[in-house]
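We count ligands from 1, going down the list as the structure has it; atoms in each ligand are counted the same way. Sequential numbering from 1 along the given sequence is applied to the chain's residues.
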Amino acid sequence: MNELVNSIRERYLGTLDKISAAAKRSGRGAEAVKLVVVTKAQPVETARAAVGAGCLILGENYAEEGVTKIQSLANFSAVEWHMIGHVQSRKAQMVAGNFNFMHSLDSLKLAKRLDRFCAEAGRVLPVLLEFNVGGEESKGGWDASDESRWAELSGEFSEIFSLPNLRARGLMTMPPLGGDAGASRPYFIKLRRLRDFLSSRFPQVDLGELSMGTSSDFEVAVEEGATYVRVGAAIVGARHYNTENA
Ligand SMILES: *Cc1c(COP(=O)(O)O)cnc(C)c1O
């Protein structure tokens with residue numbers, strides 16, 4: 001068993017323990033929260049080591065990079081691959097044909113393209129709607145910073161919910177960076193409240209999943225109701241290149 005596998009396993013299990021403790025604080029069991037191990041900007045060997053360490057869900061931000069890893073590790077069929085980054089329209093086919101789950105659906109246009117390519121591939125893709133709850137210019141997702149405009153926002157969603165090859169399962173957000181973990185809490189609360197708002201408008205859609213929290217703030221996210229956390233650096237170590245502007 002090599003050193004990389006051991007160190008990832010140790011940090012993976014430590015992260016699961018923290019998730020479990022935070023879930024209890026929110027009145028839930030550990031099984032209510034799923035851990036996505038983010039291997040973006042890491043070599044294939046690191047993703048392979050994560051699988052060897054027992055990680056069950058891997059998250060990738062870039063379509064090509066993700067597909068390279070998916071193909072390299074195709075014999076590990078129990079692993080789920082989740083797209084967590086912004087997907088350009090021209091990459092929709094690649095995502096529809098290869099990923100098991102998408103956290104980062106951020107436009108009706110992309111939804112329609114994914115639906116079409118899923119139909120061609122004979123697949124149904126579970127998706128989360130990504131929201132920008134902090135109102136930062138640079139962030140992806142539907143702008144949900146202004147609560148008084150939530151009602152206007154929901155116009156596009158009925159169309160997305162009716163697409164036959166996508167299954168909306170919940171919401172995702174990435175809060176503003178830079179604060180401490182506590183600084184993220186109001187954004188996590190806001191995403192949960194937005195989910196409750198959309199659920200009341202679309203009672204026929206099960207929006208049970210909340211994907212929120214990264215290495216720096218996943219415990220707070222779990223306390224506020226996260227069902228998916230997306231943790232990279234704290235488990236697989238520092239990234240090998242800067243992805244902020246990629
Ligand atoms: C990179 C990334 C993560 C993981 O961030 P870490 O700080 O490495 O835990 C989670 N979610 C998204 C959308 C990301 O881009």
Worksheet, complete the sentence: In terms of its nearest heavy atom to atom 7 (O) of ligand 1, the top option of S215, G141, G59 is S215
Worksheet item: Based purely on interatomic distance, does T214 place a nitrogen or oxygen under 3.5 Å from a nitrogen or oxygen of ligand 1?
Response: no
Item to complete: Evaluate the salt bridge (charged side-chain N to carboxylate O under 4.0 Å, His left out) criterion for residues E224 and R192: first the C-alpha distance (whole Å), next the side-chain angles of each, then the deciding distance (0.1 Å), finally the verdict.
Response: CA-CA 8 Å; E224 296 303 340; R192 191 184 67 219; 2.8 Å; yes
Practice prompt. State the atoms of ligand 1, each with its element, that fall below the 4.0 Å cut-off from a heavy-atom position in V231.
Written response: 9 (O)
Discussion item. Has N98 got a side-chain atom pairing as donor or acceptor with V95's backbone, closer than 3.5 angstrom?
Written reply: no
Worksheet item: How about E60 and T39: does a side-chain donor come under 3.5 Å of a side-chain acceptor?
Response: yes
Worksheet item: In the single-linkage hydrophobic clustering (I, L, V, M, F, W, Y; side-chain heavy atoms under 4.5 Å), do V127 and Y62 co-cluster?
Response: no
Item to complete: Just let me know how N61 lines up against ligand 1, side chain, backbone, both or neither, with a heavy-atom cut-off below 4.0 Å.
Response: side chain
Worksheet, complete the sentence: ligand 1 atoms nearer than 4.0 angstrom to some heavy atom of R230 are 4 (C), 9 (O), 10 (C), 11 (N), 12 (C), 13 (C)
Practice prompt. Pull out every atom of ligand 1 sitting under 4.0 Å from any heavy atom of A233, numbered as shown with elements.
Written response: 6 (P), 8 (O), 9 (O)
Practice prompt. Kindly compute the distance separating CD1 (I57) from CD (E80), expressed to the nearest 0.5 Å.
Written response: 5.0 Å
Discussion item. If the contact criterion is a heavy-atom separation under 4.0 Å, does H103 count as touching ligand 1?
Written reply: no
Worksheet item: Parallel, tilted or perpendicular: which fits the ring planes of H82 and H103, with parallel below 30° and perpendicular above 60°?
Response: tilted
Discussion item. Out of all atoms in ligand 1, which are within 4.0 Å of some heavy atom of G232? Include the element for each.
Written reply: 4 (C), 6 (P), 8 (O), 9 (O)
